[in-house]
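All ligand and atom numbering here is 1-based and tracks the order in the structure. Along the sequence shown, the residues carry numbers beginning at 1.
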Amino acid sequence: MKLKTLVKTLVDDAIEISVVGSFSRLGIALRRTLFGWTPPPPDALAGKTVLVTGPTSGLGRAAAEALAALGARVVLVGRSQERLAAVHDALVSAHGQDRFPVVVADMGSLASVRAAVAWVLETEPRLDVVIDNAGTIYAERMDGPDGVEATLAILVVAPFVLISGLLPLLRQTPGSRVIAVTSGGMYSQRLHLDDMQWDSEPFSGSRAYARAKRAQTALIREWARRTALERGTDGRDGTGESPIFNAMHPGWADTPGLAETLPGFYRLMQPFLRTPEQGADTIVWLATDPAASEVSGKLFLDRRPRPFDRIPSTRLSPADRRRVWETVVQLSGAPDPAPGR
Ligand SMILES: NC(=O)c1ccc[n+]([C@@H]2O[C@H](COP(=O)([O-])OP(=O)(O)OC[C@H]3O[C@@H](n4cnc5c(N)ncnc54)[C@H](OP(=O)(O)O)[C@@H]3O)[C@@H](O)[C@H]2O)c1
């Protein structure tokens with residue numbers, strides 16, 4: 001590594017260790033300058049199709065808008081027909097074209113997700129990028145419509161079913177990518193593999209959220225590992241090309257979701273929060289940048305891979321990650337999409 005690059009990397013690592021400096025708007029501003037980020041070419045996604053869950057607010061909306069501006073056909077997957085229509089109409093009016101199909105799906109319900117998958121498989125001839133973004137924190141423990149604890153359902157099980165269902169189409173699309181929007185909050189929590197649904201412990205919404213995000217990243221690593229094993233020397237297996245899988249976390253961004261679910265934190269940090277566009281920057285980078293197509297199974301913040309763990313006791317071993325996979329397969333009620341590995 002050249003000395004200049006080494007110095008930049010060390011400065012970036014020092015920002016990362018400070019946490020507040022890294023996750024706040026300061027972090028992205030410093031890194032943008034440090035690494036001289038350039039925007040993607042204006043037609044980077046022309047002819048490509050991106051699916052975004054939760055495009056009606058915050059980061060998902062910022063990502064959908066940025067990806068649409070780069071020429072993508074953007075499939076908008078959300079739970080409210082009315083809010084989806086508002087985003088759809090705003091995109092059509094901004095771009096003068098209707099390349100923004102709307103799919104109504106509750107991302108906490110497996111039946112709803114399966115119906116969305118069926119619609120996409122029937123309608124879309126290609127799928128270049130899937131962005132698993134929809135999410136929230138629930139104040140109270142409750143079961144979703146499939147009897148799975150609601151946090152685990154919306155952040156882990158339903159996205160797993162979405163990705164599994166879309167896999168054949170992703171495989172048909174050369175260079176396809178899956179991007180999971182996770183949270184730096186996951187660093188604080190160890191996953192309780194014997195009690196992923198909070199049956200024995202008193203429920204805490206923020207801890208359930210952090211643990212589910214940790215499970216989400218464990219699955220991304222498993223997807224990457226399992227599909228890499230499938231790849232032949234030409235990157236293809238018998239069924240097509242394997243997509244790449246990465247997670248990113250946005251730092252702390254000023255979104256309706258953050259204001260609503262963590263009001264105390266939001267009030268305290270508000271002056272330092274990123275804009276939704278800054279929070280979504282790495283989503284857009286992972287969806288477009290050629291360098292981002294060369295890595296799979298990583299966690300990114302501000303366009304650089306970051307560690308999955310900061311506290312040794314929270315680390316998930318490879319066997320733990322396999323167990324998370326097996327638990328989620330069981331909760332999905334469907335066959336293992338990448339078995340025997
Ligand atoms: N903001 C941050 O600082 C931050 C930090 C770390 C991670 N994140 C993650 O970033 C992602 C986006 O969060 P945000 O801050 O942008 O929050 P947000 O403003 O509340 O947006 C959340 C999106 O998810 C959708 N959604 C929620 N529940 C859903 C369900 N059951 N079915 C379908 N869609 C559903 C919402 O749809 P409606 O419009 O219908 O409500 C909305 O479009 C989440 O995964 C969150 O955990 C955010």
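With no hydrogens or angles considered, a side-chain donor-acceptor pair links Thr151 and Glu149 at under 3.5 Å. Under 3.5 Å, the side chains of Asp320 and Ser317 contain a donor-acceptor pair of N or O atoms. No hydrogens or angles considered: a donor-acceptor pair under 3.5 Å links the side chains of Arg211 and Gln189.
The side-chain hydrogen bond (donor to acceptor under 3.5 Å, both in side chains) test with Arg274 is passed by exactly one of Asp281, Asp302, Asp254, Thr255: Asp302.
Sorted by first and then second residue, the ring pair (Phe, Tyr, Trp, His ring centres under 6.0 Å) pairs involving residues 49-76 (not counting sequence neighbours) form an empty list.
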Dump the pairs for me: ligand 1 N or O, protein N or O, distance under 3.5 Å, to 0.1 Å.
{"unit_1": "ligand 1", "atom_1": "1 (N)", "unit_2": "Ala253", "atom_2": "O", "d": "3.2"}
{"unit_1": "ligand 1", "atom_1": "1 (N)", "unit_2": "Thr255", "atom_2": "OG1", "d": "3.2"}
{"unit_1": "ligand 1", "atom_1": "3 (O)", "unit_2": "Ala253", "atom_2": "N", "d": "2.7"}
{"unit_1": "ligand 1", "atom_1": "3 (O)", "unit_2": "Ala253", "atom_2": "O", "d": "3.4"}
{"unit_1": "ligand 1", "atom_1": "15 (O)", "unit_2": "Thr255", "atom_2": "OG1", "d": "2.6"}
{"unit_1": "ligand 1", "atom_1": "16 (O)", "unit_2": "Leu59", "atom_2": "N", "d": "2.8"}
{"unit_1": "ligand 1", "atom_1": "19 (O)", "unit_2": "Ser57", "atom_2": "OG", "d": "2.6"}
{"unit_1": "ligand 1", "atom_1": "19 (O)", "unit_2": "Gly257", "atom_2": "N", "d": "3.1"}
{"unit_1": "ligand 1", "atom_1": "20 (O)", "unit_2": "Gly257", "atom_2": "N", "d": "3.3"}
{"unit_1": "ligand 1", "atom_1": "24 (O)", "unit_2": "Gly135", "atom_2": "N", "d": "3.4"}
{"unit_1": "ligand 1", "atom_1": "31 (N)", "unit_2": "Asp106", "atom_2": "OD1", "d": "2.9"}
{"unit_1": "ligand 1", "atom_1": "32 (N)", "unit_2": "Met107", "atom_2": "N", "d": "2.7"}
{"unit_1": "ligand 1", "atom_1": "37 (O)", "unit_2": "Thr56", "atom_2": "OG1", "d": "3.2"}
{"unit_1": "ligand 1", "atom_1": "39 (O)", "unit_2": "Thr56", "atom_2": "OG1", "d": "2.6"}
{"unit_1": "ligand 1", "atom_1": "39 (O)", "unit_2": "Arg83", "atom_2": "NE", "d": "3.0"}
{"unit_1": "ligand 1", "atom_1": "40 (O)", "unit_2": "Arg79", "atom_2": "NE", "d": "3.0"}
{"unit_1": "ligand 1", "atom_1": "40 (O)", "unit_2": "Arg83", "atom_2": "NE", "d": "3.0"}
{"unit_1": "ligand 1", "atom_1": "40 (O)", "unit_2": "Arg83", "atom_2": "NH2", "d": "2.6"}
{"unit_1": "ligand 1", "atom_1": "41 (O)", "unit_2": "Arg79", "atom_2": "NH2", "d": "2.7"}
{"unit_1": "ligand 1", "atom_1": "43 (O)", "unit_2": "Gly54", "atom_2": "O", "d": "3.1"}
{"unit_1": "ligand 1", "atom_1": "43 (O)", "unit_2": "Thr56", "atom_2": "N", "d": "3.4"}
{"unit_1": "ligand 1", "atom_1": "43 (O)", "unit_2": "Thr56", "atom_2": "OG1", "d": "2.7"}
{"unit_1": "ligand 1", "atom_1": "45 (O)", "unit_2": "Asn133", "atom_2": "O", "d": "2.7"}
{"unit_1": "ligand 1", "atom_1": "45 (O)", "unit_2": "Lys213", "atom_2": "NZ", "d": "2.9"}
{"unit_1": "ligand 1", "atom_1": "47 (O)", "unit_2": "Tyr209", "atom_2": "OH", "d": "2.5"}
{"unit_1": "ligand 1", "atom_1": "47 (O)", "unit_2": "Lys213", "atom_2": "NZ", "d": "3.1"}

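By the 6.0 Å and 45° rule, Arg315 does not stack over the aromatic ring of Phe308.
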